[in-house]
Amino acid sequence: MNIELKNICMYFSRKKVLDGVNITFEEGKIHALLGDNGAGKSTLANILNGELKPTSGSILIDGKETLLKNAKQAIQHGIAYVHQTPVLAESISIQENVMLGLDRKTKALFQILSKNWLGNLEPTKLVKDVGSDTKFFIALLSALLKNPKFLILDEPTALLDEEQRDYLFENLKSLAASGLNILIITHNFDEAEKYCNSIVRLEDGKIIDFSIPKEAKISPGLKKNYSENLTFTFENLTARPLNTPSIFNAGFSVSGQEIVLIKGLPEDGLLTLENLITGFYKDNCEGKFKITQKGNELYSCSLKSNLYSTKTLRKGIKLKDGNSIRAGIIPTDRKYRASNPELTIEQIIKAELKEADVNKIISLADIDIQPSEKAVNLSGGMLQRLILTRELYPKPQLLILCQPLQGLDVRACEITCEKIVKAAEEGAAVIILSSSDFTSVLCNQKFVLKNGKMEKVN
């Protein structure tokens, strides 16, 4: 059973809790609805469960618009909801709780499912005598006995240990494989990444990230595992520019699925290094760039050569094996080097991605602006999100991110870090140049640039 939400809005008093939510949950998959407290996750779940009626918008079940007046009607349509705090009668037995409202024919099914979910726990045991983790499995068993087609689990692992979580999701995978549509409401990004087929992000009542199927983790036009086998190496980087500090004999390598952090101040030569590795600076410099795969050299050029430039990095470098790779670049100067205040949002996006879906990139960046508006109307944080989304959109094999957290608030920093980590997990080699405290625990290698010289640190 497929469920589609179309333009769902929800007001409580004067507060808009959900703001134009559009999403489809396909059967046979485990979906994650991700967001912080107050993002609107539980409200959305209660609308799907019939406990709340949306202010506007519609619910389509298998393409047919359906009005869910209450939870009982939702169950009749095959929708079951397991709350974060299970609704159980404490003074009666497990079996009596589970069988409430069900006919005697279901008793045989109860015997089968209880073995799977409750093990050897005695069905006559009173609910008040079991732990919170067991109460969750009792509530889940009760929901499954209703033979649902769409199962909603609100923070299902909040009270489970790691072994129980693995057990839960292994069984949920089997249920999804049989056709059950499963929605997990959670704030745990790592868990959603590990267990779910798709992820939807909700923030302040809006969808800010759309479904991300795990099978989409292959860069278009490249074979599976191709990009993570690539290594990008910079050797003997030396530059003596007129207006910025010099750097001397710097070098490093980064492979697919790695994040390399280079920390330093502008006066130590960080901006010079940025200009050099992004192909922006050519004069009074030397150094070599090469791409290898398992020790085999696929590309090599001098940084002084016209073969290495910002344009060639962005447009694509053709390798000896016939594949092409491209880089995503965020310079420190977002305002004029990555964009221009007088250009429209559409022009900024299409300057680098001519065939891009402009409206989709704006939506993914969570920016409330029209493509025809000028960039001057964007705040610094909004411009940062737009440029990051533009650079990540084509899934580049190399990312050069300069001061990626500059000008962002705490939550925006967290979201940006999550996106950078995801890009690396999908195969990109990521280089981060930062003067501030980028989260070093996310990085595979760390370097410090001091007085123009670079050293690796633990």
Side-chain angles (χ1 to χ4, degrees), residues 1-5 23-34 41 44-45 48-49 59-64 66 74-84 86 98 102 105-106 108-119 121 133-134 136-186 188-201 209-218 224-225 422 425-426:
M1 182 171 79
N2 296 324
I3 291 190
E4 182 181 0
L5 301 177
I23 194 66
T24 298
F25 299 110
E26 296 181 5
E27 66 181 23
K29 293 183 178 180
I30 304 175
H31 308 278
L33 181 60
L34 203 67
K41 304 189 303 297
L44 194 63
L48 284 165
N49 185 41
I59 299 172
L60 279 68
I61 297 179
D62 287 334
K64 183 179 180 182
T66 306
I75 291 171
Q76 290 171 350
H77 281 88
I79 301 171
Y81 184 15
V82 179
H83 292 262
Q84 183 177 359
V98 169
L102 301 178
K105 293 179 182 178
T106 314
L109 183 57
F110 166 75
Q111 300 295 336
I112 297 170
L113 292 183
S114 64
K115 279 288 183 185
N116 187 45
W117 292 108
L118 301 178
L121 190 63
D133 53 345
T134 303
F136 163 74
F137 285 112
I138 294 169
L140 175 58
L141 174 59
S142 180
L144 292 174
L145 283 171
K146 295 179 175 67
N147 193 28
K149 296 178 181 178
F150 185 65
L151 177 65
I152 307 169
L153 304 179
D154 190 357
E155 300 286 358
T157 63
L159 301 171
L160 306 183
D161 60 29
E162 188 172 351
E163 184 178 344
Q164 289 173 317
R165 291 180 188 189
D166 288 339
Y167 183 80
L168 169 66
F169 278 101
E170 283 305 314
N171 279 275
L172 291 179
K173 284 179 183 178
S174 296
L175 290 171
S178 68
L180 184 62
N181 195 341
I182 302 171
L183 175 61
I184 307 292
I185 301 169
T186 181
N188 190 321
F189 181 83
D190 291 337
E191 190 171 279
E193 277 279 283
K194 182 177 180 180
Y195 296 113
C196 300
N197 301 112
S198 69
I199 300 173
V200 178
R201 276 187 171 282
D209 273 343
F210 294 94
S211 298
I212 309 169
K214 286 194 171 184
E215 55 267 25
K217 288 187 177 181
I218 303 173
K224 185 177 180 180
N225 296 326
K422 180 171 179 57
E425 288 176 345
E426 292 179 347

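Side-chain atoms are counted along with the backbone in the values below, which use heavy atoms only and exclude waters and symmetry mates. What you see is a predicted model, and the numbers here were worked out from it, not measured in a lab.
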Test side chain to side chain contact (heavy atoms under 4.5 Å, CB included) applied to F150 and L48, step by step: CA-CA 10 Å; F150 185 65; L48 284 165; 4.1 Å; yes
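- Across L183 and A32, no two heavy atoms sit closer than the pair CD1-C, 4.4 Å.
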Working for side chain to side chain contact (heavy atoms under 4.5 Å, CB included), residues L159 and Q164: CA-CA 9 Å; L159 301 171; Q164 289 173 317; over 6 Å; no
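- A salt bridge links E170 with K173; the closest basic N to acidic carboxylate O contact falls under 4.0 Å.
- Between the CG atom of L151 and the CG atom of N147 there is a distance of 11.5 Å, given to the nearest 0.5 Å.
- In this structure, CD1 on I79 lies 4.5 Å from CE on M1, to the nearest 0.5 angstrom.
- The shortest side-chain heavy-atom distance between L141 and S114 falls under the 4.5 Å cut-off.
- Between R165 and D133 there is no salt bridge, since none of the side-chain N atoms of the basic residue sits less than 4.0 Å from a carboxylate O of the acidic one.
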Test log, rule side chain to side chain contact (heavy atoms under 4.5 Å, CB included), inputs I23 and L33: CA-CA 11 Å; I23 194 66; L33 181 60; over 6 Å; no
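- For the atom pair NE2 of H77 and CD1 of I61, the computed distance is 5.0 Å after rounding to the nearest 0.5 Å.
- Annotation for S142 and V98: closest pair OG-O, 3.9 Å, computed over non-hydrogen atoms.
- Heavy atoms only, all atoms of each residue included: E26 and N2 are closest at CA-OD1, 3.3 Å.
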Candidate pair L168 and Y195, rule side chain to side chain contact (heavy atoms under 4.5 Å, CB included), full reasoning: CA-CA 10 Å; L168 169 66; Y195 296 113; over 6 Å; no
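- In plain terms, the two heavy atoms of I30 and A176 that are nearest each other are CG1-CB, 4.0 Å.
- In this structure, F136 CZ and E155 CD are separated by 11.0 Å, a value rounded to the nearest 0.5 Å.
- Using modelled atom types, one finds a donor on one side chain and an acceptor on the other under 3.5 Å when comparing N116 with Y167.
- Taking CD1 of I182 as the reference point, atom NZ of K29 lies at 13.0 Å (rounded to 0.5 Å).
- A distance of 8.0 Å separates CG of L175 from CG of L140, quoted to the nearest 0.5 Å.
- The shortest non-hydrogen separation linking K41 to L34 is CD-C, 3.8 Å.
- Closest heavy-atom contact between I3 and N181: N-ND2, 4.2 Å.
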